[in-house]
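Here the structure comes first, spelled out in structure tokens, and everything after it is commentary.
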2 protein chains.
Amino acid sequence: MLDFSATYTDQYQLAMSQVYFKKGQKDHTAIFDYYFRKLPYNGGYAIFAGLQDLLKIIENLKFNDKDLEYLKKQDFDDDFLQYLKDFKFHGNIYSVQEGDVVFPTRPILQVEANIIEAQIIETILLNLLNFQTLIATKASRIKLVSGERTLLDFGLRRAQGPGGYYATRAAIIGGFNGTSNVIAGRDFNIPVSGTMAHSFIQSYDDEITAFRDFAEGRPKDCVLLVDTYDTLKSGVPNAITVAKEMEDRGEKLMAIRLDSGDLAYLSKQSRKMLDEAGLDYVKIAASNQLEENVIKSLLEQGARIDVFGVGTNLVIGSPDAALDGVYKLAYSNGKPRIKISESIVKVTLPHKKQVYRLRDTEGNCVGGDLVALFEEDNIKNMIHPFEPYKQMKVDGLEKEALLKPVMENGKNKLEKKSLQEIAEYSKNRLAELSIEYKRFNNPHIYKVGISEALKAERDKLIASFKN
Amino acid sequence: MLDFSATYTDQYQLAMSQVYFKKGQKDHTAIFDYYFRKLPYNGGYAIFAGLQDLLKIIENLKFNDKDLEYLKKQDFDDDFLQYLKDFKFHGNIYSVQEGDVVFPTRPILQVEANIIEAQIIETILLNLLNFQTLIATKASRIKLVSGERTLLDFGLRRAQGPGGYYATRAAIIGGFNGTSNVIAGRDFNIPVSGTMAHSFIQSYDDEITAFRDFAEGRPKDCVLLVDTYDTLKSGVPNAITVAKEMEDRGEKLMAIRLDSGDLAYLSKQSRKMLDEAGLDYVKIAASNQLEENVIKSLLEQGARIDVFGVGTNLVIGSPDAALDGVYKLAYSNGKPRIKISESIVKVTLPHKKQVYRLRDTEGNCVGGDLVALFEEDNIKNMIHPFEPYKQMKVDGLEKEALLKPVMENGKNKLEKKSLQEIAEYSKNRLAELSIEYKRFNNPHIYKVGISEALKAERDKLIASFKN
């Protein structure tokens, strides 16, 4: 129904490509930087996600017969269509590892390819990386306030159409434990879980019969939804009765779920009732318009919730809902390139580059990433990209190169990792950041600077345009 | 890569279904209502979208081998998996027509099927209808302020992953004219258009050579991006030079595009320069973080813009980004069903129902939709669902039945319509609403009421739960 053919792109990529093709520029090498300008949620960091999916798609990207037939009707020229028929991405991609913490204005990923191939993949690259990075970041914020409690994604029904498929994947990278989304569970090997809807209880004449039938029909991971009629007067007492009946059969009720009302109050009362009935092993799950601020508040109020089901606000990345990632030309046609702008913060960085995470001699992050020319060595100073009087000595620091080759000549070179391994990596990388970068209000700003040599190259190009 | 198999659902649908299956309830008929509770954007209406896609998917929905193998590992029982192997949706669906204006709290669509089939389709139904309805509504608001100017969707790169595919489709229903999204253009027969990126101009040593090459390589729908260096000192003068050269070849420059700076001022100055050069046929397109309020303001300032390219804010439906559509049980197991709640506005409506749009004897909409029992006739009064003292006489009014059979016994019965026909229908239906419902601030509230018979049935069920 929805394929990832090479027409998953903007028309202007094809229009420009036809011109490059006809003007003899099709084999010119170009380098593009992927980065974003503004952190989502006014936060202090983002979690990079989507790379594995992107590379798989790019490796197999082609124009199929349906595409070519369509483009012929769109008035593209025959010689160019013949070229598209054999289209395949042959370029190199250098990238930060999926799950790493990333910051604005510095390259997260670099594409080095002939200019047509580099343009045609732009749209799908932005589409997938912007979205998954947004959602992994959102999930990470929810994880930060939830500690070791279990986090489940319940969002597919409110997701932006098939965007929900990748939202679930990104949520796991950001620290979620499971999902209700079966197809994402199937494809990304994510634990799925599911309980019952209100409709299940409504379809019975009384709540306890519904609970009994459910416990008998699906005993292994039985979670009873207790708020259909009256949580404390009906739902929890009925759940306790059924839990005791399960005990008689040698089974255990896994949890009850609260989906409305005052979750702080109801969870505390429910916990008390369950404990008094000797059911201290029965967990309490809660859902209903949750997000990081609500969860933080619930826990501050002493809510006794073991499992949070988070839906809409997670999968759409509310309130931001989009990451402003861009793809900017740094080199083409044998020359470094910049985009100038009246606003200095929008001026791009020319040349192929490397990004280094700075660490002290004990390996601790010092809170800065350095952008330098790719082949540069022996870098002594890091300079603020727009406020040159802000400088930092870096010659005594360890420099971890972040951009690693993940695609070479069109071949996916990414180390095979499960989603759980990516999530674990992300957790460890985030742990290296000190707490000031993670607070929600006015987080500390992570330093991103450039090398003197890169600054000189950029300033030279700016000057040449001023003339 | 991403298929629409029947595992595009929440795990709890399958958990409940296994219980229904094992408890001998698999052939019980259920009726579910699809509706939403709150209009997006604090607006006065929404545009219903996504129906055609949904029905196509449901008609072909099945569990494939990959699904069944996966579910086996998820501990579903063998007899139930055997049932899923033969799963197909055999039910009936009644729906408002795609593109119609719709309002909160009343059914937009009703599913009548055995309870397992009805549950399994719930998630994909909500996922597709919520999202497309949100975006069609957003597009419609942008269209309202833009008059006859051309509206283009440029959003794929910032869309929520593959959600962008359906965002483009929904934008057309809401009144957009075209898109940059090639794959959506291919599949939904939408006009696609594309110009050039800044990277194209950057990849040349000077702007005019870039413009010349582009005009020669893609002369038929040539749009030149004029803000790379300096819009009025470089971009527009160079575009004028190239437009004149095109005239010499018997070609015409279609438009220039502004993508930064003060669009009101720059468009007025550019228009003047183009007109003075005898290029009054060259249109002006503008893009850069546009949405309905920005466009309204630009036009109030006299901006001379013929084409608006709208990206992020359209395709993610900012600032709301999700419609709160729900799917509620109204009938099952031979009985009408309601969901009670402490909040009366969340109490659902039991039984199979019909919804009527009320018109006076001349056929004009009177600003109300009436929800009644399906087979009800001779309805005299409409009552506010939660404030029963608010009543309206309806016996002299024409009643247009809105819920029409669109799927019968699992067969798609939807009248074949192009996207353009759906958009045209939507335009006409929206035109029937008076302007007070369309304003952005405190719009007039469209009345949605229930019949006396439906109210009596609901109240009887509420009373039975109170005992």
Side-chain angles (χ1 to χ4, degrees), chain A residues 1-2 4-5 7-12 14-16 18-19 22-23 67 70 74-75 115 123 126-128 130-131 156-166 180 182-183 186 192-200 202-203 213-214 217-218 220 312 316 318 321-322 329 332-333 337 339 465, chain B residues 1-2 4-5 7-12 14-16 18-19 22-23 67 70 74-75 115 123 126-128 130-131 156-166 180 182-183 186 192-200 202-203 213-214 217-218 220 229 312 316 318 321-322 329 332-333 337 339:
Chain A
M1 182 70 68
L2 166 59
F4 290 102
S5 86
T7 52
Y8 195 108
T9 195
D10 289 302
Q11 174 88 347
Y12 78 175
L14 301 174
M16 290 187 284
Q18 172 163 317
V19 177
K22 296 184 92 73
K23 293 290 176 182
D67 293 328
Y70 175 71
Q74 295 295 306
D75 265 345
I115 194 152
T123 308
L126 290 171
N127 176 268
L128 292 176
N130 281 338
F131 180 52
L156 184 57
R157 62 190 50 208
R158 298 280 169 77
Q160 296 210 337
Y165 181 69
Y166 290 118
S180 68
V182 184
I183 196 165
R186 184 197 73 180
V192 295
S193 60
T195 62
M196 54 167 63
H198 293 113
S199 64
F200 184 83
Q202 284 172 263
S203 80
D213 271 14
F214 198 84
R218 186 82 185 159
K220 279 186 204 161
T312 315
I316 65 170
S318 169
L329 186 69
S332 77
N333 224 335
R337 305 283 172 177
K339 162 89 174 72
F465 281 111
Chain B
M1 185 69 69
L2 167 58
F4 289 104
S5 86
T7 51
Y8 196 108
T9 195
D10 289 303
Q11 173 88 346
Y12 79 175
L14 300 175
M16 290 187 285
Q18 171 163 316
V19 177
K22 297 185 92 71
K23 293 289 173 182
D67 294 328
Y70 176 71
Q74 296 295 307
D75 265 343
I115 194 152
T123 308
L126 290 171
N127 176 268
L128 292 175
N130 281 338
F131 179 52
L156 184 56
R157 62 190 51 209
R158 298 280 170 80
Q160 296 209 337
Y165 181 71
Y166 290 118
S180 67
V182 184
I183 196 165
R186 183 196 76 180
V192 294
S193 59
T195 62
M196 55 167 63
H198 293 114
S199 64
F200 184 83
Q202 286 173 261
S203 80
D213 271 14
F214 198 82
R218 188 80 186 160
K220 278 184 202 161
Y229 301 118
T312 315
I316 64 169
S318 169
L329 186 70
S332 78
N333 223 334
R337 305 282 172 177
K339 162 89 174 73

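Throughout, a chain's letter reflects where its sequence line sits, starting with A, and its residues are numbered from 1. Remember, it's a predicted structure, so these values are computed and weren't measured experimentally.
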(request) Quick one: closest heavy-atom pair of A/Y8 and B/P162, and the distance? (result) OH-CA, 3.2 Å
(message) How long is the straight-line distance from NZ of B/K22 back to CZ of A/F214, given to the nearest 0.5 Å?
(response) 13.0 Å
(request) Could you tell me which non-hydrogen atom of A/R337 sits nearest to which non-hydrogen atom of B/Q202, and how far apart they are? (result) CD-O, 2.9 Å
(request) Answer with side chain, backbone, both or neither: which region of B/D75 has an atom nearer than 4.5 Å to a non-hydrogen atom of chain A? (result) both
(request) Kindly give the heavy-atom pair with the smallest separation between B/V19 and A/F200, and that separation in Å. (result) CG1-CZ, 3.6 Å
(message) Which atoms of B/Y70 are under 4.5 Å from chain A, going by heavy atoms: the side chain, the backbone, both sets, or neither?
(response) side chain
(message) Taking side chain as everything from C-beta outward and backbone as N, CA, C, O, which of these in A/F465 sits under 4.5 Å from a heavy atom of chain B? Side chain, backbone, both or neither.
(response) side chain
(request) Just give me the residue among A/I316, A/L126, A/N333, A/N130 that pairs up with chain B most often, heavy atom to heavy atom, under 4.5 Å. (result) A/I316
(request) Identify the two heavy atoms, one from B/S203 and one from A/I115, that lie closest to each other, and give their separation to 0.1 Å. (result) CB-CD1, 4.0 Å
(message) Closer than 3.5 angstrom, by distance alone: can the side chain of B/Q160 be matched with the main-chain N or O of A/A321 as a donor-acceptor pair?
(response) yes
(request) Determine the minimum heavy-atom distance between B/M16 and A/S199, stating which atoms define it. (result) SD-OG, 4.3 Å
(request) Please report the closest heavy-atom contact between A/H198 and B/K339, naming both atoms and the distance. (result) CG-CE, 3.5 Å
(message) Does any backbone or side-chain atom of B/D213 lie under 4.5 Å from a heavy atom of chain A? Answer side chain, backbone, both or neither.
(response) both
(request) For chain B, find which of A/T123, A/D67, A/L14, A/L156 contributes the most heavy-atom pairs closer than 4.5 angstrom. (result) A/L156
(request) Apply the side chain to side chain contact (heavy atoms under 4.5 Å, CB included) test between B/R157 and each candidate in A/D10, A/T9, A/L128; give the one that qualifies. (result) A/D10
(request) In sequence, state the C-alpha distance, the side-chain angles, and the governing distance for A/R186 and B/S5, and then conclude on side-chain contact (heavy atoms from CB on, under 4.5 Å). (result) CA-CA 11 Å; A/R186 184 197 73 180; B/S5 86; 3.7 Å; yes
(message) Just to verify, what does B/R158 make a salt bridge (Lys or Arg N to Asp or Glu O under 4.0 Å) with, not counting sequence neighbours?
(response) none
(request) Please state whether the side chain, the backbone, both or neither of B/T7 comes within less than 4.5 Å of a heavy atom of chain A. (result) both
(request) Go through the atoms of B/K23 and report whether side chain, backbone, both or neither lie under 4.5 Å from a heavy atom of chain A. (result) side chain
(message) At a heavy-atom distance under 4.5 Å, which candidate from A/S180, A/G217, A/G194 has the highest pair count against chain B?
(response) A/S180
